[in-house]
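Remember, predicted model here, so these are calculated numbers, not experimental data. Sequence lines set the chain letters: A, B, ... in the order given, protein chains first and strands last, and positions in each chain run from 1.
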Amino acid sequence: MSEPFNEIPKQYNPAAAQEKWAAFWDENNLFHSQPNSNKKPFCVVIPPPNVTGALHMGHALNNTLQDITVRMKRMQGFETLWIPGVDHAGIATQAVVERRLLLDEKLTRHDIGRDALIQRIWDWKEQFQTRIISQLKGMGCSCDWSRTRFTLDEICAKAVRHFFFKLFEQKRIYRGKRLVNWDTHLQTAVSDDEVCHETVAGNFWYIKYPVIQPKHGEPEYVVVATTRPETMLGDTAVAVHPDPETALNKVIGDLKKRLAAAPEKEKADLQKELDETQNRLCASGNTNSVLDQLKTLSQMATQGRNVMLPLADKPIPLIADVWAKPEKGTGCVKITPAHDPNDYEVGKRQELQMINILNKNGTLNENAGKYAGLTIKQAREKVVADLEERGLLVSVEERIIELAHSDRSKTPIEPFLNDQWFVKMDELAQNAIDAVNNSEVKIIPERYKKGYIDWLSEKRDWPIGRQLWWGHRIPIWYCYGATEKELQKAFAGRNDISWQWDSENDVWWICSQTEDLSEDAVSGYKIVQEEDVLDTWFSSALWPHSTLGWPDQTPELDYYYPTGVLITNRDILTLWVARMVLAGKFNTGKIPFYEVYIHPKILDKYGEGMSKSKGNGVDPISVITKFGADALRFALAFLTTENQDIRLTLDFECPYCETIVEQTKKNRTQPQIVCPKCGVPFRTQWAETESDKMLTEGPMIGERFEVARNFCNKLWNAARFVLLSLQEFRLQEPQTQLHETGKSQNHSEVPHEVYFLEDRWILSRLATVTKNVTESFETYRYADAMRFLYDFAWDEFCSFYVEMVKSRLANATQRNQAQTVLIHVLNVLLRLLHPVVPFVTEEIWQRLRLLCNNIGGDAKSVAIASWPVADESVIDVEIENRFKIFQELLRAVRDVRASRNVPPKTEITFAVRCDAATATLLKPMEPYFLSMAKAKATGWGETLKLPVLSSIVPLAGMDVYVDLSDLIDVTAEIKKLEKEITKLDGFIKSKESKLNSDFINKAPLTVVEKERQSLAELQEQHRSAIDAVTKLKTVT
RNA sequence: GGGCGAUUAGCUCAGUUGGUUAGAGCGUUUGGUUUACACCCAAAAGGUCGGCGGUUCGAACCCGUCAUCGCCCACCA
């Protein structure tokens, strides 16, 4: 120990403890785990953070909760393994690196090529993996760092290959067309999550499509409406509802129902909508009703009639499809299967041609005829102009439309038809549904189960390809022209190669389970690998078993799998959790984890989620620097309740003058902020330029972290008190083995009389708290556990037990026993707190261990000391109730002191009128009234010689008379008592009426009895208050 | 449009299966350097539990409904 004991600082120094104990745990390999047949396994896999950037408070929460569970399990004697790692996060990571490339060097990925880009992403990944791991270590996470994995490393790659190969062999993988969100600027597909909808001013064009050879009574045109006229070049049909009358009537019926049930506010709008829809049924003047027109068109559609697609000048079919809603627009809709997701579905149903009119860079391609080469915007203008010229434009409406934009490039998204690899979900999804439905996998809180089941129940096939460079490349090679015999010959004797014939494209798909194939693997033909990479979730779906070595039957897989619990965020319950369950079942036949705990979301002070794009994310290290890792963890755990998200109000603090600079939406993304008070600029976490980085960083502060920091310091000081006492008076041979294992195993053998009331009280409370804390942590009720610990440590241990034990420590004959209990309680408390505040507890525990040798058994760290087990035999309700009376009395006396402004050094005297039993109980506590309230008791019991001038506090079952002699203000006393009497009157009246009602017949007997007793007590209090007033009045 | 959650003291939140007078921290007020702690101690003030209706002997809690806020999913020719 570097510090001599007599120099225990008054304030806990988190930075020093963090550094020292992190190194100590590391050197002693405490968190390394290996299969051990003598112990039960407990394994947790980290939700691998994306290597896109540094961790924020959301991660801090996630990992704090995991570490709490993991540390507790380890102390409970499980062979505990927490596997760390990071995720390559395909799209997101490639995008940040590309953006950086463009920003710094004005280059695109096409300029530098695939290999160079990937190299840059690896560099990025190395940088952020290092940062992330150091953040996790800084937080105190007890991961087995020797098992750190990356979703793109060889071990994970091997698992990905095996998974893919197995799916391929079982014909669960197929290739199909799919519309992707195409970012024409970045020239990449982006996921649905990376699309944001923005409202923009747009137009709604009504366009005539001429009917080819209209018969008598048939319309000459079909009018369709669109916000995207240029896409008409890719139209392959116009749709009308097959039975518009029924459909329209159904809509009208629904609207009427909604109208009847709607709140007043919405009625006007609904009525309008209903009127408009109903108008479609009626003919006006000499024109047919909308419905009649649609009926005619619907008939024409069934006859296989065509309309002329203007500008392209080619016939396209009029089709009947339910997608065309008779209540919307003109009731007819143009179908552009290659550029609209809904139209694509129609196209598939109706077997329409799908014409892609776009190039990947967002210009029109040769399918657009004379419009080829124009940008979308140019093409739109030209198309509209041409239509107008030909008289085919009916009208234009202005309209606010929601347009999908790429989150990354902020340019509009184009739905773009692409070849895509899919995994069939039917059976796989069903297995994952079953696992949750039959509670093999338990989702906590249970309400999240529904989302999981609903999502999987759609059984939508999983598109697994991404048009990216960063990721696991799809292990498929294309071979054109070869015969199956040639393939058989090329891969003779290889069971790690499988192939299928793609009849649509006349090509062989060759899938390799292990190694990459060279282009001449099939002699006489050049084979080429698929360019696309796999969806990131394809590899993270395997995380629980791939990290343990699957597909190899490693001892780890055998021992640790299925893992214990997965602790994660709610928004990846489907994308990730569901897929882990289905992949786990598919690959190993087993579920990946028994429990899934979904924790709250971290919100900022405005109630918004933290995200990189908003800039409201906060680096946990910034909080650690200011308050310490323990405070960070403590605060987060304290806020983790079952159904409330965590709102964190964080503000900047000027590093020079400590002025609080409120974080606003405006300044939260700025690299530097000028302190409004001292005028000196300081940097924030967003500092990027050299000059900004030179500034001192202003830490983020928040009330919740202060509270937590204060708690750590309180614990530190309570321990300091114990340690100082032990330094002065070394503990003699302990009377009992209370502190040996954290369990007061021998306590019940010790006669109760040996212990003082406060000893029995604190031991009873400790047992209860141990039980409560354990139960709460085991059921992921973190906030409950924290409350138990906080209240016990602060209010019961520090404010009462430590205070009361002081006099006994000064007494040589009583000292040993007091110290024994003190050490025992502290030891158990440290263990219970250790999972949450590992550093401060280790620091204290190690110091304690040096002074009393056997507090930890064999354990050299509290991290591997045994978890306390509540000894329920010491729970003593009677003692706890008695103690409550003492506390109440003490508060009453203190209150009199405080409210009468009696100087702290002035001793006061008091007497208590109570029954004999209470008197017997309280008499021995006299010294505590003296030491804790500087109040001397002059009498206890039924008959007392009472001081004449006293403040009287009526309590349940007793009255306290505090002698104030010359300090008393009789008028004020009377006033106070009269107020009390009024209050009591109210209570008594309400109780009386309650007891005169049906209550006594219907409520359970115990409740009625309780009420009766309570009334009696109130009446007694009332009586004594009246007496007191009478007495005081005689004095005046 | 579908689903989920929230609304309790000035602020941030607890509140077990319905059962005495609804709790905590911060903030506020008062008084304090009482040999662990001013990151502290002692005490006080502060709430018709979002509105309305219902069930019940009894509702912060259960049911209905309205209002406000947030999140997720789907969709918008």
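- Nucleic acid contact for A:R897: none, since no nucleic acid atom lies under 4.0 Å from a heavy atom of the residue.
- Counting atom types as modelled, A:R709 pairs a side-chain N or O with a base atom of B:rC39 as donor and acceptor under 3.5 Å.
- Proximity of A:H241 to A:V322: side-chain heavy atoms (C-beta onward) are separated by under 4.5 Å at one or more points.
- Distances from the side chain of A:R720 to the nucleotides B:rA43, B:rA36, B:rU21 place B:rA36 closest.
- Position along RNA chain B of the nearest nucleotide to A:Y12 versus A:D571 favours A:Y12 as the more 5'-ward residue.
- Here the nucleotide nearest the side chain of A:K806, chosen from B:rA36, B:rC75, B:rC71, is B:rA36.
- The residue A:W205 sits apart from the nucleic acid: no heavy atom pair falls under 4.0 Å.
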Base-contact (B) and sugar-phosphate-only (S) positions in nucleotides 8-13 of chain B, heavy-atom cut-off under 4.0 Å, - elsewhere: ----BS
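- If you check every strand for non-hydrogen atoms under 4.0 Å, A:T227 touches sugar and phosphate atoms only.
- Counting only Watson-Crick or G-U wobble pairs whose defining distances are both under 3.5 Å, the stems of 3 or more consecutive pairs in RNA chain B are B:1-7 with B:67-73, B:10-13 with B:23-26, B:28-32 with B:40-44, B:50-54 with B:62-66.
- One finds no side-chain N or O of A:K601 lying less than 4.0 angstrom from the OP1 or OP2 phosphate oxygen of B:rG70.
- The residue A:S1014 sits close to a base: some heavy atom pair falls under 4.0 Å.
- Side-chain contact check for A:Y12 and A:D630: at least one donor-acceptor pair (N or O, by modelled atom type) lies under 3.5 Å.
- Annotation: of the two residues near RNA chain B, A:V1007 and A:E327, the 5′-most nearest-nucleotide partner is A:V1007.
- Which of B:rA36, B:rG19, B:rC75 sits closest to the side chain of A:K994 comes down to B:rG19.
- Between A:W455 and the phosphate of B:rG2, there is no side-chain N or O to OP1/OP2 separation shorter than 4.0 Å.
- Put simply, the side chain of A:Q11 and the base of B:rA38 share no donor and acceptor less than 3.5 Å apart.
- A distance of about 23 Å separates the P atoms of B:rU28 and B:rG23, rounded to the whole Å.
- Proximity note for A:F999 (side chain, C-beta onward) versus B:rC26, B:rC57, B:rG5: the nearest is B:rC57.
- With both ends at atom P, the span from B:rA24 to B:rA14 equals 16 Å, rounded to whole Å.
- At the heavy-atom level, A:C798 lies under 4.0 Å from base atoms of the strands shown.
- Between A:F886 and A:F929, the ring-plane angle classifies as perpendicular under the 30° and 60° cut-offs.
- Atom P of B:rU21 sits at a distance of 11 Å from the matching atom of B:rA60, rounded to the whole Å.
- Counting only heavy atoms from C-beta on, A:K10 has its side chain closest to B:rC37 among B:rC41, B:rC39, B:rC37.
- In this structure, the side chain of A:T779 engages the main chain of A:S776 through a donor-acceptor pair within 3.5 Å.
- Remark: A:N717 is not in phosphate contact with B:rC40, judged by side-chain N or O atoms under 4.0 Å from OP1 or OP2.
- Using a 4.0 Å heavy-atom criterion, one finds that A:K991 contacts the sugar-phosphate atoms exclusively.
- Taking 4.0 angstrom as the limit, A:K450 places none of its side-chain polar atoms (N or O) nearer than this to OP1 or OP2 of B:rC72.
- B:rC41 and B:rU34: their P atoms are spaced 14 Å apart (whole Å).
- Between A:T649 and A:E703, the side chains place no donor N or O within less than 3.5 Å of an acceptor N or O (distance only, hydrogens not considered).
- Within the 4.5 Å cutoff, side-chain heavy atoms of A:V224 are placed close to those of A:Y209.
- The aromatic rings of A:F797 and A:Y801 sit parallel, their planes meeting at an angle under 30°, below the 60° perpendicular limit.
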